[in-house]
Protein chains: 2
Amino acid sequence: MTEKPYDPHDYPPFAVTVDVVILTMVKKTLKILLIQRGQGPFRDAWALPGGFVLPDEDLGDAALRELKEETNISDDAIHLEQLGTYGSPERDPRMRVVTVAYWAIVPNLDKPIGGGDARHAEVVPVAEIESGRLRLAFDHEQILIDAIERMRSKMEYTNVATNFFEDSFTVSEFRSAYEAAWDTELNPGNFQRKLQQSADFLTPTGEKSPSESSGGRPADLYMAGPEKDLSPPLKRSKPKKSNK
Amino acid sequence: MTEKPYDPHDYPPFAVTVDVVILTMVKKTLKILLIQRGQGPFRDAWALPGGFVLPDEDLGDAALRELKEETNISDDAIHLEQLGTYGSPERDPRMRVVTVAYWAIVPNLDKPIGGGDARHAEVVPVAEIESGRLRLAFDHEQILIDAIERMRSKMEYTNVATNFFEDSFTVSEFRSAYEAAWDTELNPGNFQRKLQQSADFLTPTGEKSPSESSGGRPADLYMAGPEKDLSPPLKRSKPKKSNK
DNA sequence: CCAAAAGTGTTTCCTTTACACCCATGC
DNA sequence: GCATGGGTGTAAAGGAAACACTTTTGG
């Protein structure tokens with residue numbers, strides 16, 4: 001197969017797109033950026049931001065381009081990673097499309113930047129997506145499920161969660177990110193110690209956060225350290241918090 | 001982007017292929033099936049088995065088809081899983097090709113079945129691939145590195161390693177698979193106990209293996225159990241064995 | 001009886017867990 | 001002083017590592 005000389009008419013043509021699951025944390029709630037479709041199949045359903053890969057564009061660059069069209073976040077504050085490729089022949093009723101899905105963590109994306117067109121973009125809580133009440137286009141529900149699970153799993157043994165924050169953060173803010181992402185409660189003391197033990201995982205900035213109006217001891221501020229892996233990993237225990 | 005009506009001339013056409021990393025264990029050595037290219041670019045270099053995805057074919061089906069063309073293994077003895085997608089614009093000098101890579105574990109593939117054509121297929125030890133002495137086509141070296149790491153990692157917390165065996169196996173055979181894959185030595189007693197503790201991970205067949213000619217107590221035979229995850233996971237320690 | 005491989009017991013060490021306690025701030 | 005959250009001490013429980021020991025076969 002691979003041995004024949006190539007000819008434009010010799011191979012089946014595919015459209016290749018990228019779709020990006022953009023995760024963010026707003027007020028201790030895990031959210032994902034979705035776009036409500038204005039036309040075409042799955043009109044009014046929610047879809048992931050995405051689009052065609054350009055003829056000379058690398059896959060990762062295409063994902064980064066789509067991400068930036070929606071957020072205007074600077075490169076260095078982004079974690080962007082390939083999730084997997086979805087290419088069932090029936091996934092788009094119009095033609096054969098293979099989509100390479102990516103997932104990203106960006107800090108504090110409150111409102112997506114409005115595209116010039118009238119597309120309706122919104123950051124939707126993950127709880128709402130997981131409830132199944134949202135109508136999602138194509139196979140985007142499966143992509144979302146896979147992306148959320150991948151993020152939850154990767155938070156166990158890497159520092160990806162630092163990307164939820166723009167600059168520095170306190171240990172309790174960091175812990176809140178874990179509690180929101182895993183829908184669980186973590187013991188503050190043990191969480192603190194666990195991170196201290198792994199040298200270079202978090203780097204102290206030397207500064208302290210302004211103590212909240214409610215009082216309490218001011219917390220030390222940290223940034224992501226040079227060590228990106230946590231070993232042994234954190235463990236997510238059973239969800240304890242509100243499921244409403 | 002995704003909103004426009006589609007037209008064959010409206011999107012950049014890509015060729016989509018699958019490549020499959022087929023891992024197997026022969027006489028306690030981890031090996032991968034490679035094909036020596038007879039023509040085209042990278043002539044005489046080694047390449048992964050693969051080919052075009054057909055117009056109405058699912059990606060996973062395409063990978064399974066390519067796998068079967070090389071091995072004649074029955075479905076149920078195979079672990080097949082998507083690895084990732086590689087689509088750099090320069091990866092194939094002839095045209096824009098995006099390839100979806102898969103990795104598989106098959107039992108005891110001593111000799112690949114010869115295709116009708118004169119292609120030269122061989123199972124190559126992983127150590128040789130990792131040495132960097134082999135000339136590999138396209139970006140297949142990167143795909144191989146990623147696949148080997150994925151397999152090593154997945155062996156820590158799942159039962160994928162059971163797929164190295166056709167039927168039942170002893171605990172020491174199972175341990176040998178880990179030692180070969182991780183290039184390490186594992187304590188026989190502790191390995192045994194670890195697997196016993198996780199109920200349903202391995203199911204005893206009730207039979208015993210014929211004791212080897214060298215003597216020794218006959219070992220109990222096991223098959224993969226209903227529980228596919230190992231928690232807490234096994235840990236790979238530093239390589240101890242020969243690196244020559 | 002001896003060699004060899006399978007499988008079990010036992011001790012030591014380390015990590016996690018639970019929870020009590022001290023620290024530093026606002027009011 | 002008191003409430004509030006940040007951070008540390010500590011003891012109990014659990015798993016992993018090392019290694020001695022018992023079991024079951026072939027010669």
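Quick caveat, the model's predicted, so the values are computed rather than measured. Reminder, nothing fancy here: chain letters follow the sequence lines and each chain counts from 1.
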In whole angstroms, the gap separating C1' of dA20(D) from CG of Asn187(B) amounts to 11 Å
Does the pair Glu156(A)/Arg236(A) count as a salt bridge with the N-to-O cut at 4.0 Å? yes
For Met155(B) and Ala161(B), the nearest pair of non-hydrogen atoms, with its separation, is CE-CB, 3.9 Å
Specify whether Tyr178(A) and Phe174(A) have parallel, tilted or perpendicular ring planes, treating 30° as the upper limit for parallel and 60° as the lower limit for perpendicular.
perpendicular
note: Arg175(B), atom CZ; dA5(C), atom P; distance rounded to Å ~ 11 Å
In whole angstroms, the gap separating C1' of dT8(D) from CZ of Phe191(A) amounts to 16 Å
Electrostatic pair Lys27(B):Glu173(B) at N-O distance under 4.0 angstrom = no
Asp146(B)/Tyr86(B) under side chain to side chain donor-acceptor pair (under 3.5 Å): CA gap, chis, key distance, verdict:
CA-CA 11 Å; Asp146(B) 294 347; Tyr86(B) 298 77; 2.5 Å; yes
Rounded to whole Å, CD of Glu156(A) lies from P of dT16(C) at a distance of 13 Å
query = Is the count of non-hydrogen atoms from other residues, nucleotides or ligands lying under 6.0 Å from Glu149(B) atom CD greater than 12?
reply = yes
Quick test of your reading of the model: are Glu130(A) and Arg152(A) salt-bridged, counting only N-O distances below 4.0 Å? yes
Between CD of Glu173(B) and C1' of dG7(C) the distance, given in whole Å, is 16 Å
query: Thinking salt bridges, do Lys154(A) and Glu81(A) make one under a 4.0 Å N-O criterion?
result: yes
note: Phe174(B), atom CZ; dG7(C), atom P; distance rounded to Å ~ 14 Å
Gln192(B) CD to dA5(C) C1', in whole Å, measures 11 Å
Note: contacts of residues 216-224 of chain A with DNA chain D (heavy atom, under 4.0 Å) are Gly216(A), Arg217(A), Pro218(A), Ala219(A), Asp220(A)
* Identify whether any heavy atom of Ser172(B) sits under 4.0 Å from a base atom; if not, whether one sits that close to sugar-phosphate; answer base, sugar-phosphate or nothing. => sugar-phosphate
Using the side chain to side chain donor-acceptor pair (under 3.5 Å) rule, take Thr99(A) and Asp19(A) through it: C-alpha gap first, then chi angles, then the decisive distance, then the call. CA-CA 7 Å; Thr99(A) 197; Asp19(A) 286 314; 2.9 Å; yes
Per-nt protein contacts along nucleotides 9-16 of chain D (heavy atom under 4.0 Å; B base, S backbone sugar-phosphate only, - none) come out as BB----SS
